[in-house]
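Below: the structure, in structure tokens.
Bear in mind the structure is a predicted one, so any value in this text is a computation, not a measurement.
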Amino acid sequence: MFGMRPLLRRSLEVWKMGCVNYMDAIKLQEKLVADRKLGKIPDTLLSLQHPPTYTLGKRRTDHNLLVPKEELQNMGAELHYTDRGGDITFHGPHQAILYPIISLKDIGFGARKYVENLELTMIQLAHLYGVKAQVGNKCETGVFVGEGKIGAIGVRISSGITSHGLAFNIDPDLNFFKHIVPCGCAKKGVTSLKRETGLELPSEEVIHEQLVSSFAQSFGYTNLEWKEKCV
């Protein structure tokens, strides 16, 4: 109608990547961040999983790793130090990971609003399955179901461009979390969508896509361009 402003269409390119080695994902993010800063690529979202991997943030809280580093190899797990925020966490199979490479300036978000919307993304996914998830207290970033953490967040923002992101527990082997103080929260445990529902879940591909859709809704993306990618 004459005089009405057209709806803003915001596009997001989504890369479906399957299981990716952690360091390969880091190198890819570094390249994409550089390209996004130069305007060579649009806002991009990596959707993937990792083999068993422990990561520490830039605060280097090694004291929250509860086993000698030498034992990790016997568990079939890697350990990596990163430049993201947050504490130690675990990534592994049956966990949905999103790494947004987006311009906060373009969407009008500050750092706090960005993290809050990552939390909202995971809360909305949990609610799809009847799980009441919520944010923690002021010093606990991430999403919880009661005293169990179901979704972790660790981000990096460089010149307004994001990297790293969120990890949502679909049905990972929770025993891996026993070897760390997850995200530095000694008084809280870890849970998963499978544990909280006790139901037969749909395929993990479906859940990954639901998480991406929740992300798009939280951040106002109206046009998703899905691409199958590998490193």
Side-chain angles (χ1 to χ4, degrees), residues 3-17 20 25-49 55 57-58 82-86 89 91 95-128 133-136 138-144 150-168 183 207-229 231:
M4 293 184 64
R5 298 176 62 184
L7 292 175
L8 177 64
R9 289 182 59 81
R10 184 179 294 152
S11 295
L12 179 68
E13 191 169 291
V14 182
W15 292 19
K16 298 170 66 174
M17 302 192 70
V20 179
I26 291 294
K27 292 175 184 176
L28 175 60
Q29 289 180 79
E30 289 172 350
K31 180 183 185 304
L32 293 176
V33 166
D35 288 346
R36 187 67 188 90
K37 287 179 180 178
L38 295 172
K40 292 182 177 180
I41 62 171
D43 282 350
T44 302
L45 183 67
L46 310 183
S47 175
L48 50 83
Q49 296 188 23
T55 68
K58 57 188 177 183
T82 78
D83 57 2
R84 62 163 173 78
T89 193
H91 296 311
Q95 186 183 67
I97 295 173
L98 297 184
Y99 291 143
I101 314 297
I102 66 175
S103 170
L104 295 185
K105 181 180 179 180
D106 284 0
I107 63 174
F109 277 35
R112 183 65 247 173
K113 175 67 172 174
Y114 174 61
V115 171
E116 289 173 350
N117 277 45
L118 290 180
E119 292 170 332
L120 178 60
T121 295
M122 294 188 283
I123 289 172
Q124 289 175 338
L125 177 62
H127 284 186
L128 283 178
Q134 58 192 13
V135 298
K138 291 182 180 180
C139 62
E140 294 174 336
T141 301
V143 173
F144 297 81
I150 196 170
I153 292 174
V155 304
R156 175 174 168 77
I157 302 172
S158 174
S159 301
I161 306 300
T162 66
S163 58
H164 297 276
L166 65 82
F168 182 87
C183 303
I207 297 176
H208 276 256
E209 291 177 355
Q210 290 171 333
L211 185 61
V212 169
S213 295
S214 179
F215 176 90
Q217 180 181 352
S218 297
F219 286 87
Y221 291 99
T222 55
N223 181 41
L224 301 185
E225 300 176 12
W226 295 83
K227 297 190 176 182
E228 300 281 347
K229 293 279 188 174
V231 177

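Residues Arg84 and Thr55 have side chains in contact (heavy-atom distance under 4.5 Å, counting atoms from C-beta outward). Here the side chains of Thr121 and Phe219 are in contact, with some heavy-atom distance below 4.5 Å. Looking at heavy atoms from C-beta onward, Glu228 lies in side-chain contact with Lys16 at the 4.5 angstrom threshold. Contact check for Ile107 versus Tyr221: side-chain heavy atoms found under the 4.5 Å cut-off. The closest side-chain heavy-atom distance from Leu166 to Leu211 is below 4.5 Å. Trp15 is not listed as a side-chain neighbour of Val20, based on a closest heavy-atom distance of 4.5 Å or more.
The minimum heavy-atom distance between Ala167 and Ile97, with the atom names listed, is CB-CG1, 4.0 Å. Of all non-hydrogen atoms in Pro100 and Leu118, the two that sit nearest each other are CG-CD2, 4.3 Å. Nearest approach of Leu32 to Ile41, heavy atoms of both residues: O-CD1, 3.4 Å. Nearest heavy-atom pair across Tyr99 and Ala25 is CE1-CB, 4.2 Å. Considering all non-hydrogen atoms of both residues, His208 and Ser47 come closest at ND1-OG, 3.3 Å. Here the closest non-hydrogen pair linking Val143 and Ala133 is CG1-CB, 3.5 Å.
Qualifying side-chain hydrogen bond (donor to acceptor under 3.5 Å, both in side chains) partners for Gln124, counting only residues two or more places apart in sequence or in other chains: Ser214, Ser218. Scanning for side-chain hydrogen bond (donor to acceptor under 3.5 Å, both in side chains) contacts around Gln210 gives Tyr129, with sequence neighbours left out. Taking the side-chain hydrogen bond (donor to acceptor under 3.5 Å, both in side chains) definition, one finds that Lys227 meets it with Glu13, sequence neighbours left out. Shown here are the ring-ring contact (aromatic ring centres under 6.0 Å, His included) partners of Phe144, two or more places apart in sequence or in another chain: there are none.
In this structure, CG on Leu45 lies 12.5 Å from CD on Glu225, to the nearest 0.5 angstrom. Going from atom CG of Leu125 over to atom CD of Gln217 covers 11.5 Å, rounded to the nearest 0.5 Å. For the atom pair Gln95 CD and Leu48 CG, the distance stands at 10.0 Å (nearest 0.5 Å). Distance check, rounded to the nearest 0.5 Å: CG of Leu98 to CZ of Phe215 gives 7.0 Å.
Using a distance-only test at 3.5 Å, with no hydrogens or angles considered, a donor-acceptor pair links the side chain of Thr222 to the main chain of Arg10. Listed for the Asp43 side chain is no donor-acceptor partner under 3.5 Å among the backbone atoms of Ser11. A donor-acceptor distance shorter than 3.5 angstrom exists from the side chain of Glu119 to the backbone of Gly142, with no hydrogens or angles considered. The main-chain N or O of Ile102 is found under 3.5 Å from a side-chain atom of Thr162 such that the two form a donor-acceptor pair.
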Exercise for review: Please step through side chain to side chain contact (heavy atoms under 4.5 Å, CB included) for the pair Val135 and Ile123, ending with a clear verdict.
Suggested key: CA-CA 8 Å; Val135 298; Ile123 289 172; 4.0 Å; yes

Review point. Would Met122 and Ile150 satisfy side chain to side chain contact (heavy atoms under 4.5 Å, CB included), going step by step from the backbone distance to the final call?
Key: CA-CA 9 Å; Met122 294 188 283; Ile150 196 170; 5.9 Å; no

Practice item. I would like to know whether Lys229 and Met17 meet side chain to side chain contact (heavy atoms under 4.5 Å, CB included); could you show each step before the answer? Key: CA-CA 5 Å; Lys229 293 279 188 174; Met17 302 192 70; 4.2 Å; yes

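Residue pairs satisfying the salt bridge (Lys or Arg N to Asp or Glu O under 4.0 Å) criterion with at least one member in residues 95-108, sequence neighbours excluded, are listed as follows: Arg36-Asp106.
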Side-chain donor-acceptor contacts of residues 152-160 below 3.5 Å, not counting sequence neighbours, with atom names and distances?
from: Arg156; atom 1: NE; to: Asp83; atom 2: OD2; distance (Å): 3.3
from: Ser158; atom 1: OG; to: Lys37; atom 2: NZ; distance (Å): 2.7

